[in-house]
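Below is one structure; the comments refer to it alone.
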Amino acid sequence: MRCPIVVMGVSGSGKSTVGAAFAQRLGVAFLDADTLHPPANIAKMAAGQPLDDQDRYPWLRRVGEWLAAHRDGGVASCSALKRSYRDQLRAHCPELEFLHLSGSADVIARRLANRAAHFMPVELLRSQLDTLEPLGGDESGVVVDVHQDVDAIVDNFLASAERAGPGP
């Protein structure tokens with residue numbers, strides 16, 4: 001598997017942890033897409049205000065550009081909550097694969113509450129869950145339960161990708 005992979009899900013689902021482990025396993029570059037948010041977005045979220053589409057589109061363009069520059073393999077952690085956001089990423093890199101980390105609101109809220117030094121408050125979880133659009137049947141990707149350990153999540157995705165055969 002050499003096409004770029006986006007580890008997606010709501011804040012607190014484990015995107016950065018899984019993405020970094022996945023990139024290390026594959027020996028490819030890793031991007032935590034949160035590092036590409038402009039200061040205004042971070043300030044808005046830190047103040048407990050959810051981002052809107054206008055806030056997200058310039059950020060998603062930057063993430064898409066990174067993915068396009070890593071067509072030979074790369075892993076990015078990016079919420080990619082809506083189909084339109086994933087479409088924007090695919091506009092830069094059509095061969096993207098998605099690993100959607102999914103879990104119950106209670107589990108993810110506990111993770112957020114225990115996380116230190118992050119701009120995303122637990123109060124915004126509901127808005128993210130309300131915004132989340134699961135992968136469509138025509139989108140290339142796998143949904144994995146966050147209750148598994150990191151290695152199991154990576155193994156599950158790789159096994160699913162292997163069963164699906166070569167990508168585009």
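Keep in mind that this is a model prediction, so the values were computed, not measured. Note that these values count all heavy atoms, side chains included, but never hydrogens, waters or copies made by symmetry.
- Under the 3.5 Å distance criterion, the side-chain polar atoms of N41 are left unmatched by any main-chain donor or acceptor of P38.
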Steps toward side chain to side chain contact (heavy atoms under 4.5 Å, CB included) verdict (L60, C78):
CA-CA 9 Å; L60 289 166; C78 176; 4.0 Å; yes
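- Scanning for salt bridge (charged side-chain N to carboxylate O under 4.0 Å, His left out) contacts around R56 gives an empty result, with sequence neighbours left out.
- In terms of heavy-atom proximity, S104 sits nearest to H147 at N-CE1, 4.4 Å.
- In terms of heavy atoms, G64 sits closest to L89 at N-CD2, 3.7 Å.
- D151 meets the salt bridge (charged side-chain N to carboxylate O under 4.0 Å, His left out) test with R25; sequence neighbours excluded.
- We find that D32 and K15 are not joined by a salt bridge, their nearest charged nitrogen and carboxylate oxygen being 4.0 Å or further apart.
- In this structure, the side chains of D155 and Q148 stay at 4.5 Å or more apart for every pair of heavy atoms.
- Residue S16 comes nearest to F30 through the heavy atom pair O-CZ, 3.7 Å, listed as atom of the first residue, atom of the second, then distance.
- A distance of 9.5 Å separates CG of L132 from OG of S79, quoted to the nearest 0.5 Å.
- When the salt bridge (charged side-chain N to carboxylate O under 4.0 Å, His left out) test is applied to E139, the partners found at least two apart in sequence or on another chain are R83, R86, R90.
- L96 has its side chain out of reach of R71: every pair of non-hydrogen atoms, C-beta onward, lies at least 4.5 Å apart.
- Taken to the nearest 0.5 Å, the CD1 atom of I42 stands 12.0 Å off from the CG atom of D55.
- Note: M8 CE to F98 CZ = 7.0 Å, rounded to the nearest 0.5 Å.
- The CG atom of L99 sits 8.0 Å away from atom CD1 of I5, with the distance rounded to the nearest 0.5 Å.
- Listed for the W66 side chain is no donor-acceptor partner under 3.5 Å among the backbone atoms of L36.
- What you find for F157 and V142 is that their closest heavy atoms are CD1-CB, 3.8 Å.
- Across all their heavy atoms, T35 and L31 have their closest contact at OG1-CD1, 3.8 Å.
- Shown here are the side chain to side chain donor-acceptor pair (under 3.5 Å) partners of T131, two or more places apart in sequence or in another chain: there are none.
- Between Y57 and Y85, the ring planes are perpendicular. Angles over 60° get that label, and only those under 30° would be called parallel.
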Should S77 and F22 be marked as a side chain to side chain contact (heavy atoms under 4.5 Å, CB included) after you check the CA-CA gap, both sets of side-chain angles, and the distance that decides it?
CA-CA 10 Å; S77 63; F22 206 167; over 6 Å; no
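- With respect to H100, the side chain to side chain contact (heavy atoms under 4.5 Å, CB included) criterion is satisfied by exactly one of V6, V7, L135: L135.
- Nearest approach of S13 to V146, heavy atoms of both residues: O-CG1, 3.3 Å.
- Rounding to the nearest 0.5 Å gives a distance of 9.5 Å between CG of D145 and CG of N156.
- Applying the side chain to side chain donor-acceptor pair (under 3.5 Å) rule to D149 yields no partners; only residues at least two apart in sequence or on another chain are considered.
- Looking at residues two or more places apart in sequence or on another chain, you find a side-chain contact (heavy atoms from CB on, under 4.5 Å) between H92 and R61, E65, A68.
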